[in-house]
2 protein chains.
Amino acid sequence: MARRNEHTKGELKALALDAVLVIAERDGPQVVSARKVAQEIGYAPGMLYHLFENIDDLILQANTRTVSALTDDLVRATKRQSADKAVLTMALRYLQLAQKNGRRWQLLFEHTMRNGVAVPSWYQAQTAKLFGLVEQQLVRMCPQKKSVEIQLAARAVWSAVHGVCLLSVTGKLNVGGAVKEARLVESLVQNYLHGWKSID
Amino acid sequence: MARRNEHTKGELKALALDAVLVIAERDGPQVVSARKVAQEIGYAPGMLYHLFENIDDLILQANTRTVSALTDDLVRATKRQSADKAVLTMALRYLQLAQKNGRRWQLLFEHTMRNGVAVPSWYQAQTAKLFGLVEQQLVRMCPQKKSVEIQLAARAVWSAVHGVCLLSVTGKLNVGGAVKEARLVESLVQNYLHGWKSID
DNA sequence: ATCTCTATTAAACACTGTTCATCATAATTA
DNA sequence: TAATTATGATGAACAGTGTTTAATAGAGAT
């Protein structure tokens with residue numbers, strides 16, 4: 001069989017990306033493989049390599065959807081909030097989403113480049129957008145601060161929140177019993193911002 | 001060939017763990033595999049399964065060495081330092097080590113359980129030690145704070161630092177150009193602690 | 001010298017990611 | 001309508017993974 005022409009290249013790509021997320025959520029992130037994705041959409045594995053560079057490219061593009069959905073959600077959720085409140089809302093919502101549909105985020109957090117290749121720049125740009133959202137709020141919060149300080153603080157606070165989310169999703173944080181992750185994030189954001197604002 | 005009896009079980013385990021770290025540093029973390037490790041120490045792959053449960057167990061035990069070395073280093077480096085200084089020193093040193101011999105830490109940061117199994121408790125205990133070190137300093141810093149608050153703050157600050165180290169080692173932080181990771185960690189620790197101390 | 005026991009192996013199984021010659025069939029041309 | 005071209009899709013193959021297990025080489029005991 002060949003030359004079915006049932007779908008355009010774009011449709012096929014969308015189908016494959018859907019399949020990645022479906023498999024990750026249904027069977028776990030470890031189950032995602034070229035053969036499994038191909039099977040899920042009713043094609044041969046080789047076909048995927050006409051659409052994607054390799055399996056990393058495929059998974060990275062699927063993860064972009066997850067991050068993109070997050071970005072949209074954060075923008076929506078922080079409309080008409082004060083800057084302080086907005087940063088905390090974003091952080092908590094990041095954690096909440098990560099914990100809610102955990103497997104989809106496991107795919108994001110636990111994925112590593114198969115051949116040690118560097119993460120492509122278009123993917124980094126996506127996460128840069130997240131930093132950007134935080135920067136926006138920090139500018140509103142402290143308009144007098146220099147741009148470089150805003151950038152630094154945004155990266156600091158978001159890396160920190162990311163650290164908590166990551167350890168939470170990968171189950172490496174349950175070491176002392178009754179410490180809720182949400183309280184960690186709250187403490188982190190509030191105390192950091194409190195300190196940051198009072199300096200300089 | 002069989003029954004060489006050149007090494008005891010303990011010696012063999014040590015050899016294998018050494019080999020994991022050597023391969024990770026020499027050829028990159030992705031190259032670490034059962035066959036490669038076996039070849040490195042001159043044995044058949046199957047032999048490893050008499051010493052370790054599976055490849056995750058092997059790598060986890062190797063990573064324990066890395067973490068253990070870190071713990072010792074942090075204890076040594078913070079002798080006779082004030083509490084404030086000690087926390088910052090630990091954080092910066094964590095980052096420094098992670099960046100210095102990056103591949104060894106890549107093995108730590110980028111490893112994920114092959115079958116989605118939970119991280120074993122003896123491994124979590126190791127990272128709990130790190131939290132413990134921070135807790136010690138926080139107690140010295142604010143003896144009046146409740147134990148649960150100390151625990152929470154220690155987890156928060158260490159998760160945050162971990163987040164920066166992770167994003168740095170995996171190359172996901174170079175999004176805005178001239179922001180040095182060390183300054184991120186500094187800002188994070190100092191501002192968080194400043195805020196934390198001033199509250200309650 | 002024989003026997004026992006076991007540390008070690010080689011081979012096999014079921015998976016990966018990836019490439020590529022081949023072919024069926026849609027689209028184009030005659 | 002018939003022949004031709006172009007290409008979407010395949011299936012088989014290659015090299016690698018983790019893991020299991022029956023077979024065995026050889027050290028130590030008899």
Side-chain angles (χ1 to χ4, degrees), chain A residues 1-17 19-20 23-24 27-63 107 110-117 119-120, chain B residues 1-17 19-20 23-24 26-63 107 110-120:
Chain A
M1 340 149 181
R3 188 77 202 244
R4 296 200 233 151
N5 268 29
E6 286 171 354
H7 303 97
T8 69
K9 220 163 181 172
E11 287 172 340
L12 236 53
K13 260 181 126 162
L15 269 148
L17 294 176
V20 168
I23 294 166
D27 310 323
Q30 300 82 13
V31 181
V32 175
S33 70
R35 281 177 175 82
K36 199 87 181 179
V37 170
Q39 180 196 323
E40 183 79 19
I41 63 177
Y43 280 81
M47 191 272 293
L48 291 173
Y49 290 83
H50 296 297
L51 305 174
F52 303 93
E53 257 191 49
N54 48 42
I55 194 76
D56 281 333
D57 185 28
L58 172 58
I59 293 179
L60 244 38
Q61 287 198 38
N63 281 342
L107 189 71
E110 297 190 354
H111 172 72
T112 55
M113 296 284 134
R114 289 277 209 289
N115 287 337
V117 193
V119 179
Chain B
M1 339 149 184
R3 190 74 204 246
R4 296 200 236 151
N5 268 30
E6 287 170 352
H7 303 98
T8 69
K9 221 164 182 170
E11 285 171 339
L12 236 53
K13 260 181 126 160
L15 269 154
L17 294 176
V20 169
I23 293 167
R26 170 159 40 75
D27 311 323
Q30 300 83 12
V31 182
V32 174
S33 70
R35 282 177 174 82
K36 200 86 181 178
V37 170
Q39 179 196 323
E40 183 78 19
I41 62 176
Y43 279 81
M47 191 271 293
L48 291 172
Y49 291 83
H50 295 294
L51 305 173
F52 303 93
E53 256 192 49
N54 50 39
I55 195 75
D56 280 334
D57 185 28
L58 172 57
I59 292 178
L60 244 40
Q61 288 198 37
N63 281 341
L107 190 72
E110 298 189 355
H111 173 71
T112 55
M113 297 282 135
R114 288 275 210 286
N115 287 338
V117 192
V119 179

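Scope of the values below: all heavy atoms of this structure, side chains included, with no hydrogens, waters or symmetry mates. If you're wondering where the values come from, they're calculated on a predicted model, not measured in any experiment.
- Met113(A) and Pro120(A) make their closest contact through CE-CD, 4.3 Å (heavy atoms, listed as atom of the first residue, atom of the second, distance).
- Between Asn115(A) and Asn54(A), every side-chain heavy-atom pair lies at or beyond the 4.5 Å cut-off.
- If you measure from atom CG of Asp27(A) to atom P of dT16(C), you get 12 Å, rounded to the nearest angstrom.
- Contact detail for Glu11(B) and Glu6(B): the closest heavy-atom pair is OE1-O, 4.2 Å.
- Distance Leu48(A) CG to dG8(D) P: 15 Å, rounded to the nearest Å.
- Note: CZ (Arg3(B)) to C1' (dA23(D)) measures 16 Å, nearest angstrom.
- One interatomic measurement links the two molecules: CD of Glu6(A) to C1' of dA26(C), which rounds to 12 Å at whole-angstrom precision.
- For Glu40(A) against Ala19(A), the heavy-atom pair with the smallest separation is CG-CB, 3.7 Å.
- Lys9(A) places its NZ atom 12 Å from the C1' atom of dA9(D), with the value rounded to the nearest Å.
- Following rounding to the nearest Å, Met47(A) (CE) and dC20(C) (C1') show an atom-to-atom distance of 16 Å.
- No side-chain heavy atom of His50(A) sits less than 4.5 Å from a side-chain heavy atom of Leu12(A).
- The C1' atoms of five pairs define one axis at each end of the helix from dA1(C)-dT30(D) to dA30(C)-dT1(D), and these two axes lie 30° apart (to 10°).
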Check the interface with nucleotides 17-20 of chain D: list each N/O to N/O pair with the protein under 3.5 Å, or write none.
unit_1  : atom_1 : unit_2   : atom_2 : d
dT17(D) : OP1    : Ser33(B) : OG     : 3.2
dG18(D) : OP1    : Ala34(B) : N      : 3.3
dG18(D) : OP2    : Ala34(B) : N      : 3.0
dG18(D) : N7     : Arg35(B) : NH1    : 2.7
dG18(D) : O6     : Arg35(B) : NH2    : 2.9
dT19(D) : OP2    : Tyr49(B) : OH     : 2.8
dT19(D) : OP2    : Ile55(B) : N      : 2.7

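- Between Tyr43(B) and Leu15(B) there is no side-chain heavy-atom pair separated by less than 4.5 Å.
- The minimum heavy-atom distance between Val37(A) and Ala16(A), with the atom names listed, is CG1-O, 3.9 Å.
- Nucleic acid contact for Leu12(B): sugar-phosphate only, since backbone atoms but no base atoms lie under 4.0 Å from a heavy atom of the residue.
- Gln30(B) has its CD atom 17 Å from the C1' atom of dA15(D), to the nearest Å.
- Nearest to the side-chain atoms of Ala44(B) among the listed nucleotides dA10(C), dG8(D), dA27(D) stands dA10(C).
- Across all their heavy atoms, Ile55(A) and Ala34(A) have their closest contact at CD1-N, 3.5 Å.
- Counting only heavy atoms from C-beta on, Asn5(A) has its side chain closest to dG8(D) among dT10(D), dT8(C), dG8(D).
- The separation between His111(A) atom NE2 and dG17(C) atom C1' is 13 Å, rounded to whole Å.
- Heavy-atom minimum distance, Lys36(A) versus Asp27(A): CE-OD2, 4.1 Å.
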